[in-house]
Amino acid sequence: MPVISRFYGMVVKMYFAAAEHNPPHFHVAYGECAGVFDLDSLNMAEGDLPEKAQSLVRK
């Protein structure tokens with residue numbers, strides 16, 4: 001899975017081809033925590049990413 005961004009210790013990864021992994025989403029790793037975010041709503045679909053980190057991801 002390609003890395004598309006790194007900031008504040010977080011690593012954002014996402015597949016680019018539409019057929020690779022539906023529905024569209026991206027993954028965020030932050031230390032020992034991780035989260036999967038819906039691309040349309042930016043809500044965390046699964047994971048244990050702290051609220052502060054989730055807020056930074058949405059911005």
Side-chain angles (χ1 to χ4, degrees):
M1 187 172 353
V3 173
I4 61 172
S5 182
R6 294 177 194 262
F7 61 96
Y8 297 113
M10 291 183 261
V11 180
V12 180
K13 299 177 181 181
M14 184 174 133
Y15 288 111
F16 290 99
E20 286 185 317
H21 214 58
N22 283 319
H25 64 277
F26 58 93
H27 298 251
V28 179
Y30 180 55
E32 297 294 318
C33 301
V36 176
F37 287 79
D38 179 71
L39 198 57
D40 293 326
S41 67
L42 296 181
N43 290 326
M44 189 168 73
E46 60 184 72
D48 60 351
L49 208 60
E51 187 59 43
K52 178 71 174 176
Q54 290 181 47
S55 176
L56 290 170
V57 169
R58 288 184 187 103
K59 289 179 183 180

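The distance from atom SG of C33 to atom CG of D48, rounded to the nearest 0.5 Å, is 4.5 Å. With values rounded to the nearest 0.5 angstrom, N43 atom CG is found 9.0 Å from F37 atom CZ.
In this structure, the side chain of D38 engages the main chain of D40 through a donor-acceptor pair within 3.5 Å.
A search for ring-ring contact (aromatic ring centres under 6.0 Å, His included) contacts involving Y30 returns nothing, not counting sequence neighbours.
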(message) Please evaluate residues V36 and E46 with respect to the criterion side-chain contact (heavy atoms from CB on, under 4.5 Å), reporting the C-alpha separation (whole Å), side-chain torsions for both, the decisive distance (0.1 Å), and the verdict.
(response) CA-CA 5 Å; V36 176; E46 60 184 72; 3.7 Å; yes
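Taking 4.5 Å as the limit, some side-chain heavy atom of L49 sits within range of a side-chain heavy atom of M44. At least one side-chain heavy atom of L56 sits under 4.5 Å from a side-chain heavy atom of M10. Side-chain contact check for H27 versus M14: every heavy-atom pair is 4.5 Å or farther apart.
Across all non-hydrogen atoms, the minimal contact from F7 to V57 is CZ-CA, 4.2 Å.
For residues 49-59, the set of pairs meeting the side-chain hydrogen bond (donor to acceptor under 3.5 Å, both in side chains) definition, not counting sequence neighbours, comprises Q54-R58.
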